[in-house]
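Written below as structure tokens is the structure these notes are about.
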Amino acid sequence: PGFAASQAVDLVANLVSKSLVAASPHGKTARYRLLDTTRLYGLEKLAASGELPDARRRHAAYIRDFFTPAEAECETRSKADWLAIYGGLIDNVRAALDWTLAAGGDAQLGVALAVAVVPLWVQLSLMIECRDQAKRALASLAEDDATALRPRMRLCASLGWSLMFASGRTRESSAAWLAVLEIAERLGDTSYRLRALWGLWVNHLN
């Protein structure tokens, strides 16, 4: 906000030339990263000015929006291509979730973000992290919030899926899949109803 996109490009290029921002090739594009000392200095300045919460909220919203097409692209891209796009953002995801789901953060944004990044945990085989983050996000949802049914269903599905990989968690996984099934039937969501039935079937076999 406050300046044009072309100005942003010039500002970033200026920071790169001064070695305050590191640039690395990424296919046909480039990715930019603040040096640790620059990042710490920037955080101190944002905190001193009172702008840090807004910066963290905008960062989390950007990561959420960036991952919005991630689940669909799991079906259309190879795993290597998918990870080349999304895999390098794992630390950004963790930082955004740590702020949004903590006291004083933005729980609604955190829930949307947690839902959007589930494919990342799955693709990176981070099932324990998937379980823990899903639980954190679910804990921030009000039980009587009817508008949160779909996010709750998707988070319960990720919880059920992650628990299937943990020894001795069959009962807990089944409870998550039963919650998915109940919500899916209320919403008329055939896809998640089938996922829930599959999860319950696998747990029954186990």
Side-chain angles (χ1 to χ4, degrees), residues 39 43 46-47 50-74 86-166 168-189 191-193 195-196 199-200 203:
R39 184 184 296 109
L43 285 172
L46 285 170
E51 298 177 35
L52 184 56
D54 184 58
R56 291 195 183 280
R57 183 173 288 104
R58 289 163 57 191
H59 171 256
Y62 172 82
I63 298 298
R64 176 204 58 197
D65 294 344
F66 188 85
F67 272 88
T68 297
E71 184 174 20
E73 290 185 1
C74 283
Y86 298 104
L89 293 174
I90 183 65
D91 288 333
N92 280 279
V93 167
R94 289 165 174 159
L97 285 172
D98 283 346
W99 180 77
T100 54
L101 296 178
D106 186 329
Q108 184 175 4
L109 176 56
V111 167
L113 175 61
V115 168
V117 301
V118 165
L120 179 64
W121 294 316
V122 174
Q123 292 289 341
L124 293 176
S125 299
L126 297 173
M127 306 315 294
I128 293 177
E129 186 169 354
C130 180
R131 176 197 69 196
D132 293 345
Q133 296 287 17
K135 285 184 174 181
R136 287 179 67 196
L138 284 166
S140 70
L141 288 173
E143 289 291 337
D144 58 350
D145 186 358
T147 65
L149 279 179
R150 187 165 296 279
R152 182 183 298 279
M153 177 182 70
R154 295 181 66 181
L155 287 168
C156 283
S158 67
L159 179 59
W161 172 255
S162 62
L163 287 168
M164 291 172 74
F165 292 86
R169 296 297 187 96
T170 303
R171 182 174 298 177
E172 191 177 353
S173 176
S174 292
W177 285 121
L178 284 170
V180 174
L181 181 61
E182 179 187 359
I183 298 173
E185 289 180 339
R186 290 174 63 183
L187 296 177
D189 192 311
S191 175
Y192 273 86
R193 183 172 182 270
R195 295 186 196 197
L200 290 167
N203 282 342

* Please report the shortest heavy-atom distance between Leu155 and Ala134, naming the atom on each side. =>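 Here Leu155 and Ala134 meet closest at O-CB, 3.9 Å.
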* Closest heavy-atom contact between Trp177 and Asn203? ->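 What the structure gives for the nearest pair is CD1-ND2, 3.6 Å.
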[atom1]/[X] to [atom2]/[Y] distance, rounded to the nearest 0.5 angstrom?
| X | Y | atom1 | atom2 | result |
| --- | --- | --- | --- | --- |
| Arg154 | Arg195 | CZ | CZ | 8.0 Å |
| Met127 | Leu159 | CE | CG | 10.0 Å |
| Leu52 | His59 | CG | NE2 | 11.5 Å |
| Arg56 | Thr100 | CZ | OG1 | 10.5 Å |
| Arg150 | Ile183 | CZ | CD1 | 10.0 Å |
| Arg193 | Ser191 | CZ | OG | 12.0 Å |

* ring-ring contact (aromatic ring centres under 6.0 Å, His included) partners of Phe67, counting only residues at least two apart ->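 Partners of Phe67 under the ring-ring contact (aromatic ring centres under 6.0 Å, His included) test: Tyr86.
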* Structure fact -> Residues at least two apart in sequence or cross-chain that pass ring-ring contact (aromatic ring centres under 6.0 Å, His included) with Trp161, listed by chain then number, are Phe165, Trp198
* Do any N or O atoms from the side chain of Arg152 and from the backbone of Thr147 form a donor-acceptor pair under 3.5 angstrom? ->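 No: the side chain of Arg152 does not pair with the backbone of Thr147.
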* Asked: Would you say Arg39 has more than 12 foreign heavy atoms packed within less than 6.0 Å of its CZ?
  -> yes
What donor-acceptor contacts under 3.5 angstrom involve side-chain atoms of residues 102-123, with partners at least two apart or in another chain?
from	atom 1	to	atom 2	distance (Å)
Asp106	OD1	Gln108	N	3.4
Asp106	OD1	Leu109	N	3.1
Asp106	OD2	Arg57	NE	3.3

* Does any non-hydrogen side-chain atom of Ile128 lie less than 4.5 Å from one of Ser162? -> no
* Between Arg136 and Asp132, is any pair of side-chain heavy atoms under 4.5 Å apart? -> no
* Asked: Salt bridge between Glu172 and Arg131, side-chain N to carboxylate O under 4.0 Å?
  ->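 Judged by the 4.0 Å cut-off on N to carboxylate O distance, Glu172 and Arg131 do not form a salt bridge.
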* **Option among Leu178, Leu181, Leu138 that satisfies the side chain to side chain contact (heavy atoms under 4.5 Å, CB included) test with Cys156** =>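 Between Cys156 and the candidates, side chain to side chain contact (heavy atoms under 4.5 Å, CB included) is satisfied uniquely by Leu138.
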